[in-house]
Amino acid sequence: MAMFQAPKGVPEYFGARGGSFLAVREALSRPAMLAGYGYAELPVFEDTGLFVRGVGESTDVVSKEMYTFEDRGGRSLTLRPEGTAGVMRLVVEHGLDRGQLPVKVWYAGPFFRAERPQHGRYRQLQQVGIEAIGSDDPALDAEVIALADEAFRSLGLTQYTLHLTSLGCAVCRPGYREALQSFLAGVDLDEATRERAAVNPLRVLDDKRPDVQARLAGAPHMVDHLCAECAAHYAAVRQALGLLGVRWNEAPALVRGLDYYTRTTFEFTHDLLGAQSGIGGGGRYDGLMESIGGAALSGIGWGIGTDRTLLACEAEGLEPGAGPLIDVYCVPIGADAKARLVGLAGELRARGVRADIAYGDRGLKGAMKSADRSGAPLVVVLGDNEVQGRTAVIKEMTTGDQSTIPWDSVLDVIQSRVQEQAIERNSR
RNA sequence: GUGGGUGUAGCUCAGCCGGUAGAGCGCCGCGUUGUGGUCGCGGAUGUCGCGGGUUCAAGUCCCGUCACUCACCCCA
C-alpha cells in the first residue's frame with residue numbers, strides 16, 4: 001500500500017478519464033457561455049455565516065455536512081457546500097445588483113460535503129453552475145433550464161429526465177405548509193421522519209422508502225395550492241419550455257435539500273446511476289439575496305454535478321473528449337537529430353499542432369513504441385541520413401506508409417496533414 | 001451517522017477441505033545493425049490491507065482495525 005492515499009471520498013481523474021472530465025466540464029458550461037453568462041472565479045471557502053443564513057440552518061447540508069474550521073484570526077470559515085450563496089455574496093459585495101439586470105454568471109469547481117462516500121457521492125464534488133439574478137421573467141426560468149438540457153444533450157446523453165414543479169412563494173407556501181402538516185399528523189411515521197415533518201414538512205414528501213411513499217398517497221401538493229401569481233408564473237415557464245423544445249416530467253413531490261428555493265424548482269435525474277441519480281438541479285430563489293443583506297432581488301440558477309455527469313456518460317457508453325493527446329510524435333536517432341526535432345516540436349506547438357518527442361535513449365524501436373502508444377497519427381523520424389541529406393521521414397501510423405520530404409518543407413507538410421485529419425474527424 | 005459486501009502483482013481477478021503464490025492484460029527484452037501495432041519466444045514484479053489469535057503449518061479459520069465499495073440517510 002502506498003504511504004499516502006487521497007482523502008476519503010475525493011475522486012481523482014487522470015489519463016483518459018482526465019480528458020473526459022475536462023470535456024464534460026467544458027460541455028456543461030458552453031451553452032451558458034453562448035447565452036451571455038460571464039465566468040466568476042469564487043472562493044472555495046467563505047464565512048460560515050453565509051451558508052448558515054443563505055442555505056438554511058435546518059438543512060442537512062448545513063447542520064451536519066459542512067467542513068468548518070477556524071482560521072488564525074479566530075474567524076469561522078467553511079469549505080463551500082454549494083455555489084449559489086457565494087455568488088449572491090459576490091453580487092451584493094461588488095454592487096452588481098445595482099447595474100444591468102439580470103446579472104448572469106457561471107462558475108465551476110469543487111464543493112465539499114462531509115457525507116459517507118458512495119457511488120456518485122463524494123466529499124469533494126465538482127459542479128458547474130449558473131445563476132441569473134434580478135429578474136423574475138418566466139422566460140428566464142425556461143432559458144436557465146434549457147441551458148442545462150442543452151448541456152446534457154450536447155454530450156450525447158439521452159437517458160435522463162427533467163423533473164419540474166413549483167414550490168410557491170411567501171404568499172402561498174405557508175398555507176400549503178399547514179395543509180401538509182395536518183395531513184402528515186394523520187400519518188404513521190417514525191421518529192426521525194416526524195421530526196423532519198416539524199422542521200420542513202416538504203422534505204418528507206421525497207422519502208425514498210416505498211412503505212412511506214404508500215402512506216403519503218393522497219398528500220396535498222404545492223402545485224394545487226399556488227396563489228394566482230405563482231400559478232401564472234409556472235404556466236408561463238412551462239409554455240416557454242415547450243417553445244424551446246424541452247421535455248419535462250411534472251413532479252409535484254419534488255423537493256430540494258436547500259431552503260432557499262421558491263417557485264420554479266427542477267432536478268435532472270439519470271436512469272443508469274443507481275441511488276445517486278441526480279445529475280443536476282436548481283430553481284428560483286426569491287428571498288435569498290435579501291437574507292444575506294442584499295436587495296430584494298429574485299434569481300434562478302442550477303448546479304450540475306460534473307462527476308455524476310461523467311458517470312452518466314460512461315453508463316451510456318459515451319466517451320467525452322476521447323482521442324489522441326497529440327498529432328505528431330517526433331522520433332530522433334542521435335544527438336543531432338534530437339536537437340533539430342526539439343526545435344521542430346517547438347515550432348509545431350507554436351502553430352497549434354500538438355507535438356511530443358521521444359525522450360531518453362531508448363533506441364529507434366523503443367521510440368517507435370512510444371510513438372505508437374502516444375496515439376499520434378503522424379510520426380517524424382530523423383536520423384543521420386536525413387540530417388545529412390536535409391530531409392525528414394514522415395510516417396502515417398494507421399497505414400504504415402512513409403515518405404521522405406525536404407527538411408525545409410517539413411513544418412508546412414505536417415501542419416497541412418494535421419489539418420486534413422482534423423477535418424476528416426469532424427466530418428465523421 | 002446506520003447496515004451489507006470486498007481487500008492477493010501496475011490493472012482485472014483465480015486460489016477447493018488450512019500444506020508455503022497463480023492467470024490474463026500491462027510492462028521490459030529478443031526475433032528486426034534505421035521502424036510501432038499483429039505474431040512467436042523469454043523475463044521482472046507480491047509485507048496476500050494492517051495487527052493479534054488458533055494451529056506443526058494461515059492468502060485460507062477467529063477477533064480487532066483500516067481502506068475501498070454498495071445501500072439507507074442526504075444530495076450534484
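Letters A, B, ... are given to chains in the order of the sequence lines, protein chains preceding strands, and every chain is numbered from 1.
Between B:A71 and B:A57, the distance separating the two P atoms is 43 Å to the nearest Å. The gap from the C1' atom of B:C11 to that of B:C17 amounts to 32 Å, rounded to the nearest Å. For the P atoms, the distance linking B:C28 with B:A21 amounts to 28 Å, nearest Å. Rounded to the nearest Å, the gap between the C1' atom of B:G43 and that of B:C62 is 41 Å. The gap from the P atom of B:U60 to that of B:U8 amounts to 13 Å, rounded to the nearest Å. Remark: the separation of the C1' atoms in B:C75 and B:G37 is 46 Å, to the nearest Å. B:A76 and B:G7 have their P atoms separated by 34 Å, given to the nearest Å. B:A9 and B:G22 are spaced 14 Å apart, taking the P atom of each and rounding to whole Å.
Atom CG in A:L364 sits roughly 16 Å away from atom C1' in B:C30 (whole-Å rounding). Regarding A:F14, its CZ atom lies at a distance of 11 Å from the C1' atom of B:G10, rounded to whole Å. One can place CG of A:D372 at 11 Å from C1' of B:U38, the figure rounded to the nearest angstrom. As rounded to whole Å, 9 Å separates atom C1' of B:G49 from atom CD of A:Q5. Taking atom CG on A:L311 and atom P on B:U69, their separation rounds to 11 Å, with Å as the unit. Per the geometry, NZ belonging to A:K365 stands 12 Å off P belonging to B:C28, to the nearest Å.
For A:Y359, there are no ring pair (Phe, Tyr, Trp, His ring centres under 6.0 Å) partners two or more places apart in sequence or in a different chain. Evaluation of the ring pair (Phe, Tyr, Trp, His ring centres under 6.0 Å) rule for A:F112 yields no partner, not counting sequence neighbours. Applying the salt bridge (Lys or Arg N to Asp or Glu O under 4.0 Å) rule to A:D60 yields the partners A:K64, A:R203; only residues at least two apart in sequence or on another chain are considered.
Each side-chain hydrogen bond (donor to acceptor under 3.5 Å, both in side chains) pair with one or both residues in residues 325-343 of chain A, not counting sequence neighbours, appears once here: A:D327-A:R354. Identified under the salt bridge (charged side-chain N to carboxylate O under 4.0 Å, His left out) test for residues 154-169 of chain A, with sequence neighbours left out: none. Sorted by first and then second residue, the pairs that involve residues 402-423 of chain A and meet salt bridge (charged side-chain N to carboxylate O under 4.0 Å, His left out), not counting sequence neighbours, are A:R351-A:D412, A:R390-A:D408, A:E396-A:R417. Sorted by first then second residue, the salt bridge (charged side-chain N to carboxylate O under 4.0 Å, His left out) pairs that include residues 300-324 of chain A, not counting sequence neighbours, are A:R17-A:E314. Residue pairs meeting the salt bridge (charged side-chain N to carboxylate O under 4.0 Å, His left out) criterion with at least one partner in residues 122-136 of chain A, sequence neighbours excluded, are absent. Within the structure, the side-chain hydrogen bond (donor to acceptor under 3.5 Å, both in side chains) test picks out the following pairs touching residues 32-44 of chain A (sequence neighbours left out): A:Y37-A:E143, A:Y39-A:E41.
Counting non-hydrogen atoms under 4.0 angstrom, A:K8 reaches the backbone sugars and phosphates but no base. Residue A:G400 is classed as a base contact, given a heavy-atom separation below 4.0 Å to a base. Nucleic acid contact for A:Q124: none, since no nucleic acid atom lies under 4.0 Å from a heavy atom of the residue.
One N or O donor and one acceptor, one from the side chain of A:N385 and one from the base of B:G34, sit under 3.5 Å apart. One donor-acceptor pair, N or O on each side, does fall under 3.5 Å between the base of B:G34 and the side chain of A:E386.
Contacts between residues 147-166 of chain A and RNA chain B, defined by a heavy-atom separation below 4.0 Å, involve no residue at all.
A stem is defined here as three or more consecutive Watson-Crick or G-U pairs, each with both distances under 3.5 Å; for RNA chain B these stems are B:1-7 with B:66-72, B:10-13 with B:22-25, B:27-31 with B:39-43, B:49-53 with B:61-65.
The two residues A:I414 and A:V353 have their closest heavy-atom pair at CG2-CG1, 4.5 Å. Closest of all the heavy-atom pairs between A:P174 and A:C169 is CD-O, 3.9 Å.
B:G37: glycosidic angle within 90° of 0, hence syn.
The aromatic rings of A:F45 and A:F69 lie perpendicular to each other, with more than 60° between the two planes, well past the 30° mark.
A close approach under 4.0 Å does not occur between any side-chain nitrogen or oxygen of A:K369 and OP1 or OP2 of B:U35.
No hydrogens or angles considered: a donor-acceptor pair under 3.5 Å links the side chains of A:T84 and A:Y260.
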**Message:** Treating primed atoms plus P, OP1 and OP2 as sugar-phosphate and everything else as base, which nucleotides of nucleotides 70-76 of chain B get B, S or - for protein heavy atoms under 4.0 Å?
**Reply:** SBBBBBB
